[in-house]
Protein chains: 2
Amino acid sequence: MFTAETISVGTELLMGEILDTNARFLARELKNLGIAVLRQTVVGDNPGRLADAMRCALSRTDIVICTGGLGPTEDDITKETLAKVLGVPLETDPEMLRMIESYFRARKIPMGETNKKQALIPVGGEALPNENGTAPGCYIRHGKGCVALLPGPPGEMKALFRKELLPLLKDYSSGTLVSHYVKVIGLGESRMAELAYAYLHMDNPTVAPYFKDGECYLRVTASGATEEAAERIAAPVVKKLLRLLGVNAYGVDISLAEAVIGLLKDKGKTVALAESCTGGGIGALLTDVPGASDVFGYGIVSYSNECKEKVLGVNPDTLKSFGAVSKECAQEMALGALALSGADCAVAVTGIAGPTGIGNANPAGNGNAVPARAGNAGSAAKPKASEKPAGLIFICATDGKRFEHIRLDTGRNDRGYNRTLAGKQALEALRKLLLKPEMRR
Amino acid sequence: MFTAETISVGTELLMGEILDTNARFLARELKNLGIAVLRQTVVGDNPGRLADAMRCALSRTDIVICTGGLGPTEDDITKETLAKVLGVPLETDPEMLRMIESYFRARKIPMGETNKKQALIPVGGEALPNENGTAPGCYIRHGKGCVALLPGPPGEMKALFRKELLPLLKDYSSGTLVSHYVKVIGLGESRMAELAYAYLHMDNPTVAPYFKDGECYLRVTASGATEEAAERIAAPVVKKLLRLLGVNAYGVDISLAEAVIGLLKDKGKTVALAESCTGGGIGALLTDVPGASDVFGYGIVSYSNECKEKVLGVNPDTLKSFGAVSKECAQEMALGALALSGADCAVAVTGIAGPTGIGNANPAGNGNAVPARAGNAGSAAKPKASEKPAGLIFICATDGKRFEHIRLDTGRNDRGYNRTLAGKQALEALRKLLLKPEMRR
């Protein structure tokens with residue numbers, strides 16, 4: 001298997017001004033070619049450090065791909081530096097010069113003198129024409145591998161890679177890698193890894209555990225001579241992992257929202273939403289999936305107690321006795337959404353997103369620390385501040401007969417995190433409800 | 001000036017599965033401390049290559065910060081590898097072990113045996129407690145600089161960096177950079193850059209134009225011996241840019257949602273929402289801002305025509321004559337939300353997010369290409385498919401007397417992009433309404 005490294009050139013990357021999406025794009029493309037990326041490096045527009053990075057990469061890797069630093073200005077030094085590292089001069093490629101000239105002619109802008117240097121190519125190299133900008137790329141065989149230079153702007157880089165470099169890199173391809181993601185909810189990463197332990201040390205496919213935003217997943221990566229061969233190697237392991245993880249594995253290669261919408265469609269059910277602390281985020285998750293309108297028509301963002309009472313029919317006594325952040329309120333919100341919409345099931349969320357918990361400050365369960373508006377408040381028997389910390393969230397999913405309650409206490413004062421988790425767990429509550437044997441189509 | 005390198009550890013990065021946002025975050029933070037980042041490296045979960053990357057970085061740089069590889073599983077090897085590179089053993093930090101145990105206790109999940117190794121710290125190092133996860137960080141002085149290890153999940157990494165590592169890194173700070181972001185909507189990047197041209201070639205502060213997701217901004221970065229000195233250098237330029245960009249500059253260092261919520265509070269007004277194609281996304285944007293409940297209590301996600309009629313009181317004839325994706329429907333949705341909520345103003349959005357346009361397939365204006373459910377549809381006089389392409393979006397903001405209409409035609413078949421743009425423009429319509437001279441407090 002050939003090995004590769006990428007070098008992203010640009011001081012703006014080192015200053016954190018932009019994200020290095022080029023390295024990620026190349027990583028995926030190289031993976032698909034069956035070329036192993038062993039390292040990604042970012043260096044600034046500094047000839048010494050760039051030369052050092054190129055020398056190191058060339059000494060230990062077959063294929064080196066650099067992005068950036070091919071522009072017309074003085075701090076664009078990638079080609080010059082590579083020529084020095086390889087010990088070859090630069091020469092003008094007349095075809096590239098013509099292309100650059102016509103680029104400016106077509107746009108009726110005068111061509112700068114400095115743009116001429118963009119037509120220079122290291123001797124022995126092959127110019128890769130750039131249809132979307134003035135910086136051509138370049139490709140040079142080196143040892144048993146190669147070096148390639150690509151422009152920095154992602155749009156130009158991707159188009160040039162696909163059209164010009166990808167066909168050349170097929171020479172180094174060793175079949176194909178395919179990856180599948182077994183998505184899991186309701187288990188910690190370590191527990192998931194323990195369950196899947198027997199699979200974590202295989203060679204082909206490899207199985208690796210990951211964790212992100214309250215969900216974890218197992219990545220199954222298989223290599224094969226062709227995509228079909230790789231798929232044949234991955235498939236049985238994916239199947240076994242699904243069996244092993246049971247109900248906690250909600251799908252392969254899909255989001256939780258996609259899994260839930262798929263289940264709703266399978267069962268021929270519709271869902272309505274009643275959101276407080278998530279403020280519309282669950283609706284946004286569901287409707288991010290094309291086709292959501294098949295199963296979702298009504299969502300109420302009841303961010304005030306008044307709206308909970310008036311639109312969802314939550315009993316004012318419930319708000320007084322238990323507060324808006326309570327199991328009781330979540331259940332009434334869900335039942336209210338069900339009644340209003342005529343949907344088959346409904347999910348409600350109410351909680352405290354943060355940054356601070358509930359004292360007498362925020363009785364509306366909308367996650368804010370500020371005083372609620374006059375008229376929204378409704379609480380004689382408020383719970384003590386300590387009883388309702390940030391991160392306390394109540395979720396209820398129901399079809400009117402069955403109830404799936406979740407109580408979260410994240411212990412975190414992080415508004416974004418609590419809202420994300422509340423949204424995921426609301427979808428999970430709905431999934432659990434839909435998986436009940438009584439929820440037949 | 002001290003120099004730094006970051007090393008991001010994780011095979012998932014080399015496979016292009018996730019973007020390395022940690023390196024960018026650290027780059028910005030280090031820049032703000034006046035520490036020069038000279039290189040960023042990504043390596044996989046491979047002990048040999050990680051050790052090599054650490055050795056190279058330590059040999060040429062003062063400060064090395066690694067992220068990732070502190071988890072409980074076997075392929076989490078960062079601490080072990082650093083200990084080997086530095087030639088010191090690992091020992092359990094009892095305080096960290098207690099924290100990890102209480103993390104699991106609080107969540108009522110059994111602690112895996114492997115989680116114990118997360119409390120190991122290289123001898124001579126200082127543990128950095130992680131309040132948001134089970135992986136503590138660690139800090140070790142090395143030469144005239146230091147090495148720090150941080151967990152990989154960005155939420156944990158950032159919180160730990162700010163609370164624990166940042167104070168320690170102040171020892172290496174050489175003056176300060178401050179940046180401010182003049183946020184702009186309603187202008188393209190090139191028009192904004194033309195207006196601000198005279199400022200784009202200054203030395204201190206520097207001014208640079210950026211563009212992202214339908215908004216652009218100017219970054220003003222000043223350097224000074226102290227934060228106050230840097231702020232004094234930045235302030236007059238920020239002020240001049242705001243004057244120059246006029247009503248298109250909606251704020252400094254804030255999101256559009258924050259700007260809108262600030263305006264609502266200033267004017268003492270409340271807002272209600274009626275969302276179709278954004279599916280709750282605008283509510284999510286608004287309620288992402290702490291204190292949103294002061295000005296927002298009611299949001300209706302009317303993803304079906306039935307909900308538009310039943311909850312918002314949209315006239316069935318309007319849906320028949322003009323379709324759900326029309327200026328007329330947007331206006332009735334907004335007026336319906338106003339009436340239902342009793343709020344001072346309301347914003348409504350209806351449009352086609354994609355992936356395909358409206359033919360007879362989707363009359364509900366909810367952005368889906370699939371047939372609407374029986375009973376939701378309501379269209380005798382449907383517009384032709386060609387008249388309603390993906391990316392066609394109608395927005396209406398109103399206080400019952402004044403109307404701010406926006407018609408978008410993005411020309412793009414990209415569901416995510418269209419929904420994002422629709423959300424931003426809905427907030428912009430509300431901002432324009434609130435800026436009308438009649439909208440007095």
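Order of the sequence lines fixes the chain letters, A, B, ..., with proteins taken first and strands second; residue numbering starts at 1 for each chain.
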Undergrad: Check each atom of B/Thr6 against the heavy atoms of chain A and say whether the ones under 4.5 Å are side chain, backbone, both or neither.
TA: neither

Undergrad: Atom SG in A/Cys307, atom CZ in B/Phe296: separation rounded to 0.5 Å?
TA: 8.0 Å

Undergrad: Is it the backbone or the side chain of B/Thr73 that comes under 4.5 Å from a heavy atom of chain A, or both, or neither?
TA: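 Only the side chain of B/Thr73 comes within 4.5 Å of chain A.
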
Undergrad: Heavy-atom pairs under 4.5 Å with chain B - which of A/Gly44, A/Ala4, A/Ala53 has more of them than the others?
TA: A/Ala53

Undergrad: Can you confirm whether B/Asn132 sits close enough to A/Arg412 that some side-chain heavy atom of one is under 4.5 Å from a side-chain heavy atom of the other?
TA: yes

Undergrad: Using a cut-off of under 4.5 Å for heavy-atom pairs, which of B/Thr114, B/Leu13, B/Asn46 has the most such pairs with chain A?
TA: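 Looking at each of B/Thr114, B/Leu13, B/Asn46 in turn, B/Leu13 comes out on top.
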
Undergrad: Is the side chain of B/Arg24 donor-acceptor paired with the backbone N or O of A/Leu14 at a distance under 3.5 Å, no angle test?
TA: no

Undergrad: Please state whether the side chain, the backbone, both or neither of A/Ser179 comes within less than 4.5 Å of a heavy atom of chain B.
TA: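 Just its side chain gets close to chain B.
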
Undergrad: Give, as side chain, backbone, both or neither, the part of B/Glu12 having an atom under 4.5 angstrom from any heavy atom of chain A.
TA: both

Undergrad: Indicate yes or no: at least one non-hydrogen side-chain atom of B/Leu273 is less than 4.5 angstrom from one of A/Val301.
TA: no

Undergrad: Could you tell me which portion of A/Glu275 (side chain, backbone, both or neither) has an atom closer than 4.5 angstrom to a non-hydrogen atom of chain B?
TA: neither

Undergrad: Salt bridge check, B/Arg39 against A/Asp52: does any charged N sit closer than 4.0 Å to a carboxylate O?
TA: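 Yes, charged N to carboxylate O under 4.0 Å.
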
Undergrad: Is any side-chain heavy atom of B/Val37 closer than 4.5 Å to a side-chain heavy atom of A/Met15?
TA: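 Side-chain contact under 4.5 Å: no.
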
Undergrad: Under 3.5 Å, is there a donor-acceptor pair between the side chain of A/Lys310 and the main chain of B/Leu340?
TA: yes

Undergrad: In Å and rounded to the nearest 0.5 Å, what is the CZ to CG distance from B/Phe25 to A/Leu19?
TA: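 Rounded to the nearest 0.5 Å, the CZ-CG separation comes to 13.0 Å.
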
Undergrad: Is there a donor-acceptor contact under 3.5 Å from the side chain of A/Arg191 to the main chain of B/Gly112?
TA: no

Undergrad: If we count only N and O atoms by modelled type, under 3.5 Å, do the side chains of A/Tyr197 and B/Glu74 hold a donor and an acceptor together?
TA: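 Judged by distance alone, the side chains do pair up.
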
Undergrad: Output the option from A/His201, A/Arg60, A/Glu194, A/Glu29 having the highest count of non-hydrogen pairs under 4.5 Å with chain B.
TA: A/His201

Undergrad: So for A/Tyr181, is it side chain, backbone, both, or neither that comes closer than 4.5 Å to the heavy atoms of chain B?
TA: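 Just its side chain gets close to chain B.
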
Undergrad: Should the pair B/Asp288-A/Arg419 be classified as a salt bridge under the 4.0 Å nitrogen-to-oxygen rule?
TA: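 Looking at A/Arg419 together with B/Asp288, the answer is yes, because their closest N to O distance falls below 4.0 Å.
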
Undergrad: Under 4.5 Å from any heavy atom of chain A, what part of B/Pro153 do you find: side chain, backbone, both or neither?
TA: neither

Undergrad: Is it the case that more than 12 heavy atoms not belonging to B/Glu131 sit under 6.0 Å from its CD atom?
TA: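 Atom CD in B/Glu131 is not packed in, count stays at 12 or less.
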
Undergrad: Rounded to the nearest 0.5 Å, what separation is found between the OG atom of A/Ser302 and the OH atom of B/Tyr298?
TA: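 Answer rounded to 0.5 Å: 9.5 Å.
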
Undergrad: Side chain, backbone, both or neither: which part of B/Asn115 has a heavy atom under 4.5 Å from chain A?
TA: side chain

Undergrad: Side chain from CB out, backbone as N, CA, C, O: work out which of these in A/Ser8 comes under 4.5 Å of a heavy atom of chain B, or both, or neither.
TA: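 When you check distances to chain B, no heavy atom of A/Ser8 falls under 4.5 Å.
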
